[in-house]
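Everything on this sheet refers to the single structure shown next.
Just so it is clear: chains get the letters A, B, ... in the order the sequence lines come, proteins before strands, and each one is counted from 1. Just so it is clear, the model here is predicted, and its values are computed rather than measured.
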2 protein chains.
Amino acid sequence: MLLKKRKSKEDTALFRLEENEGEIVLWSENREVSRQLSMIDLQEEDLLVLQKLRPLVKENIEKIVAQFYKNLEKESSLTKIINDNSSIDRLSQTLTIHIEEMFTGVIDQAFFDKRSKIAQVHLHIGLQPKWYMCAFQDLLLSLISLFDETIENREDYNKAIKATTKILNIEQQLVLDAYQKQHDEIR
Amino acid sequence: MLLKKRKSKEDTALFRLEENEGEIVLWSENREVSRQLSMIDLQEEDLLVLQKLRPLVKENIEKIVAQFYKNLEKESSLTKIINDNSSIDRLSQTLTIHIEEMFTGVIDQAFFDKRSKIAQVHLHIGLQPKWYMCAFQDLLLSLISLFDETIENREDYNKAIKATTKILNIEQQLVLDAYQKQHDEIR
Ligand code: HEM
Ligand code: HEM
């Protein structure tokens, strides 16, 4: 475990990432995507931060996913989409894996391919972008609360927030862009 | 001025908002929009927080808008759109007013009408949603940095971050939703 509750203010080693575990990959063959990454200032350091956060997110994933569903229940059309196309159980599993994957510190071709597939699936089930964006905000709020409870050091907390907003932003960009393109094709 | 640099940890009155200045309005006649607001947990308290942050944002608006443009220069197609349809000066003015308005603490019919108009203008000039979303992430990062530098108290800082991510999220939802609808109509 890398994150400890009630860490003292002085103990700021958390994101001084010399001894990182996994490989960091920040790669795109698409020049436009590279510029998108540059414009949101998503750098290797952010991927290292996300990787460091991963154990914490994994430990709390059940709570995050439970909140995700509780939130969707506010909009009955979403519950209907889920029941017609999947099940709470199946989607929970999908989501558990996917949210953890946001914190692997790897952005490569498989990452882009997966977002294109997500757009395709969501378009197919008729999920409107606005509800998709609502779900992202809910996810962000859950993650902010988790970091707030567990990361005492202000600088680390700040880095965690910034890196997380960046990875959620690029995901939405990629999915909504693919969604729009695929939507235009089939009209 | 409501925010002071280097506030002591104990001095937490910032967002204990009994003595607020302006009127808070959180109103939508559209039931679907009300559910969007509910799903992102945007409450009156967030609007109060935004209103309290307004003087700080106003004081630093030049820096934020300058960074906004510096960022757009990474993508030459955006500079071209601006030069063809407006000017840096004019858009700076537009943006200065608009960003300040995000912190008025008012969500009413005029708020919704304005977002519909923004979608229309951006569609007309050919601004792709992905670049629009990049610009929002940049704006969010500027605001986070500003709050980090000026709001010492962790709870206040956290409230500022949450309220800000919520208002930026609903804005993107409204604009991108209207954008999509208008785009579909003219195809
Ligand atoms: C934070 C927002 C969301 C994320 C990250 C997300 C992620 C995913 C992922 C990774 C998949 C699997 C795609 C594949 O097969 O490769 C998926 C499928 C699906 N999503 Fe979402 N989703 C989100 C929001 C929603 C919402 C709001 C709904 C509400 C209707 C929804 C309903 C579904 C359904 C029904 C499937 C397909 C069935 C299945 O895998 O069981 N998703 N989503
Ligand atoms: C955070 C993201 C953005 C916000 C909040 C924003 C906001 C606005 C607003 C409020 C208007 C005025 C709409 C009206 O007439 O009622 C506008 C217009 C315009 N925007 Fe954006 N915008 C954003 C991103 C961009 C980007 C990335 C570009 C790059 C091309 C851009 C280019 C323009 C242009 C050319 C106009 C019209 C001309 C003008 O008012 O001078 N905007 N925008």
Cluster overlap Ile24(A) with Ile167(A), hydrophobic side-chain contacts below 4.5 Å
yes

How many angstroms lie between CE in Met39(B) and NZ in Lys74(A), if you round to the nearest 0.5 Å?
7.0 Å

Ile40(B) portion near chain A, given a 4.5 angstrom heavy-atom threshold:
both

Chain B heavy atoms under 4.5 Å from Gln172(A): which part of the residue, side chain, backbone, both or neither?
both

Going hydrophobic residue to hydrophobic residue with side-chain gaps under 4.5 angstrom, can you get from Leu146(B) over to Val49(B)?
yes

Spell out, as yes or no, whether a donor-acceptor pair under 3.5 Å connects the side chain of Asn169(A) to the backbone of Met133(B).
yes

Tell me, for Leu78(B) versus chain A, whether the close heavy atoms (under 4.5 Å) come from the side chain, the backbone, both or neither.
side chain

Quick check for you: to the nearest 0.5 Å, what is the distance between Lys166(A) atom NZ and Gln137(B) atom CD?
7.5 Å

Select one option (side chain, backbone, both, neither) describing which atoms of Asn71(A) are under 4.5 Å from chain B's heavy atoms.
both

Would the distance check show the side chain of Lys130(B) and the main-chain N or O of Gln36(A) forming a donor-acceptor pair, the cut-off being under 3.5 Å?
no

So, do Asp41(A) and Asp138(B) sit near enough that their side-chain heavy atoms are less than 4.5 Å apart?
no

How long is the gap from NZ on Lys162(B) to OG on Ser145(A), to the nearest 0.5 Å?
3.0 Å

With a 4.5 Å cut-off on heavy-atom pairs, point out which of Leu168(A), Leu140(A), Asp184(A) contacts chain B the most.
Asp184(A)

With clusters defined by side-chain heavy atoms of hydrophobic residues (ILVMFWY) lying less than 4.5 Å apart, directly or transitively, does Ile88(A) cluster with Leu139(A)?
yes

At a heavy-atom separation under 4.5 Å, does Phe68(A) approach chain B through its side chain, its backbone, both, or neither?
neither

Interatomic distance, Ile161(B) atom CD1 to Tyr157(A) atom OH [nearest 0.5 angstrom]
6.5 Å

So does Glu62(B) have more than 12 non-hydrogen atoms from other groups sitting under 6.0 Å from CD?
no

Atom pair CD/CD of Gln180(B) and Gln180(A) - distance to nearest 0.5 Å
5.0 Å

Can you tell me which portion of Phe147(B) sits under 4.5 Å from chain A's heavy atoms? Options are side chain, backbone, both or neither.
backbone

A quick test of your reading: do over 12 heavy atoms of other residues, nucleotides or ligands sit less than 6.0 Å from NE2 of His98(A)?
yes

Verify the cluster assignment for Leu26(A) and Leu48(A): are they in a single hydrophobic cluster under the rule of side-chain heavy atoms below 4.5 Å apart?
yes

Linking I/L/V/M/F/W/Y whenever their side-chain heavy atoms sit closer than 4.5 Å, directly or via other members, would Leu174(A) and Leu123(A) fall into one cluster?
no

Looking at CD of Glu32(B) and CH2 of Trp131(A), how far apart are the two atoms once the value is rounded to the nearest 0.5 Å?
4.5 Å

Gln128(B) versus chain A, the contacting section by heavy-atom distance below 4.5 Å:
side chain

With only heavy atoms counted, which part of Leu37(A) is less than 4.5 Å from chain B, the side chain, the backbone, both or neither?
neither

Audit row: Thr165(A), Leu141(B), side-chain contact (heavy atoms from CB on, under 4.5 Å) steps and yes/no:
CA-CA 9 Å; Thr165(A) 60; Leu141(B) 293 174; 4.3 Å; yes

